[in-house]
Protein chains: 2
Amino acid sequence: MDLEEKIAEYQFTGEGLSGFLIERTAKRLKRAFQQELTKMNAGLTADQWVVMDLLANKGALNQLEICRYLAKDPPTVTRILDLLVDKQLLQRKTDPEDRRRFLVSLTRGGMNRHFELITRVKEFRKKHFNALSPYDIELLLSVLEKINQSIDEE
Amino acid sequence: MDLEEKIAEYQFTGEGLSGFLIERTAKRLKRAFQQELTKMNAGLTADQWVVMDLLANKGALNQLEICRYLAKDPPTVTRILDLLVDKQLLQRKTDPEDRRRFLVSLTRGGMNRHFELITRVKEFRKKHFNALSPYDIELLLSVLEKINQSIDEE
DNA sequence: TGTAAATAATTAGCATACGAACTAAATGGA
DNA sequence: TCCATTTAGTTCGTATGCTAATTATTTACA
């Protein structure tokens, strides 16, 4: 199937060809990662893991910082944190500098859980990452960047 | 920021760099398209529009066919169809060939609604599509294809 | 200093994503 | 023909995405 045909085939997708294909690949990657987590009895969703891994790398953050890093909305982050707090994997502490904010950080249990999982997660990343050459990644980034810019231009 | 730094920056994202960036771009495209629909008082979500546009192009389909075209799960498609039937934009008719199936098609009202919206939707597609050269699109497709293959190899 | 505006987080409501379990209908082999 | 298996679609439960509205706190300016 050549390019013309592919474009015709997905012409019905609203955001267009690229939107549909990008969304589909994103969903598949996330699903594969979720299945990996399930296999290792992580007791976490993909999104919950990402928050934990972010905190493991950056230390305590407030919720808007988490939103910005992960490109998620405040309500979504609130809910993910609630679930992780319920599991006693992280804690909210009021920021003394600004009492509107919480400083969110891993509990000791959260750090342990992260440590147990990180090795296998890294293997997963490497496996799919290695499917792409550095050149592929450059290309992907530049094309995604162009799409993002065309959205920003509104 | 060079490639190394970008990779380091997003190292915490579970599925890896590409997963995060792909998902983020997909979400932004969809959100932009949804806002466009809202602006034109379409009375539809992006996903609902996509279903209607698919049926406008392909004629009557059963639900699994819709699932395959749109890469959505059966329960998700069931619910989207329920909402569109409530709005009297489409109808389910039992397939006489196989009474487990429904043939789903646009109602007259659905066809009218589609006709009212399609011009502006096409403009939206073109605007973001034009940000990419045919060469960019080829590259994007080939990189996404590699990622998909590496997922399929499980 | 006092108050309006801005900011951080939450809540509520609706829609989508996905796995699992379920119903009804069709199919295939003994 | 009968019954196990498969297939099409739905229902349920949990989690996420997004908008709008709300609360509590801080900032900015008159």
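Only this structure's heavy atoms are used, side chains among them; waters, hydrogens and symmetry mates stay out. The sequence lines fix the lettering, A, B, ..., with proteins before strands; numbering per chain opens at 1.
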Can you tell me how the ring of W49(B) sits relative to the ring of H114(B), calling it parallel under 30°, perpendicular over 60° and tilted otherwise?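 Parallel: the ring planes of W49(B) and H114(B) meet at under 30°.
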Whole angstrom is fine here: how far is it from [atom1] in [X] over to [atom2] in [N]?
X       : N       : atom1 : atom2 : answer
Q63(A)  : dA24(D) : CD    : C1'   : 14 Å
E23(B)  : dC18(D) : CD    : P     : 9 Å
I80(A)  : dC18(D) : CD1   : C1'   : 13 Å
E65(B)  : dA8(D)  : CD    : P     : 9 Å
L81(A)  : dG17(D) : CG    : P     : 13 Å
L103(B) : dA8(D)  : CG    : P     : 13 Å
R68(B)  : dG9(D)  : CZ    : C1'   : 13 Å
D73(B)  : dT16(D) : CG    : P     : 16 Å

At under 4.0 Å, does any side-chain N or O of [X] touch on OP1 or OP2 of [N]?
X      : N       : result
K27(B) : dG17(D) : yes
T45(A) : dT16(D) : yes
Q34(A) : dA17(C) : no
K30(B) : dG17(D) : no
T76(A) : dT16(D) : no

Taking the nucleotide of DNA chain D with the closest heavy atom to each, which residue, Q35(B) or D47(A), is nearer the 5' end?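 This one resolves to D47(A).
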Between K87(A) and R100(A), just flag the one whose closest nucleotide in DNA chain D comes earlier from the 5' side.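 Result: K87(A).
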Between [options], which nucleotide has the shortest distance from any of its atoms to the side chain of [X]?
X       : options                   : result
P75(A)  : dT11(C), dT16(C), dG9(D)  : dT11(C)
R31(B)  : dG9(D), dA9(C), dT19(D)   : dT19(D)
F102(B) : dT16(C), dT10(D), dG17(D) : dT10(D)

Rounded distance (nearest 0.5 Å) linking atom CE of M52(A) with atom CZ of R113(A):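 Nearest 0.5 Å value for the CE-CZ distance: 6.5 Å.
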So [X], base contact, sugar-phosphate only, or nothing? Heavy-atom distance under 4.0 Å.
X      : answer
Q48(A) : sugar-phosphate
R79(B) : base
D98(A) : sugar-phosphate

So among D47(B), I66(B), V50(B), which one has a side-chain contact (heavy atoms from CB on, under 4.5 Å) with K72(B)?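 Answer to the side-chain contact (heavy atoms from CB on, under 4.5 Å) test with K72(B) among D47(B), I66(B), V50(B): D47(B).
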Can a salt bridge be assigned to the pair [X] and [Y] using a cut-off of 4.0 Å between side-chain N and carboxylate O?
X      : Y       : answer
R92(B) : D82(B)  : yes
D53(B) : R125(B) : yes
E36(B) : K39(B)  : yes

Would you kindly compare L64(A) and R28(A) by the position of their nearest DNA chain C nucleotide and give the one closer to the 5′ end?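 Residue closer to the 5' terminus by nearest nucleotide: L64(A).
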Going by modelled atom types, is there a donor-acceptor pair between the base of dT25(D) and the side chain of R99(A) at under 3.5 Å?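 Looking at the base of dT25(D), it does not pair with any donor or acceptor on the side chain of R99(A) (distance under 3.5 Å).
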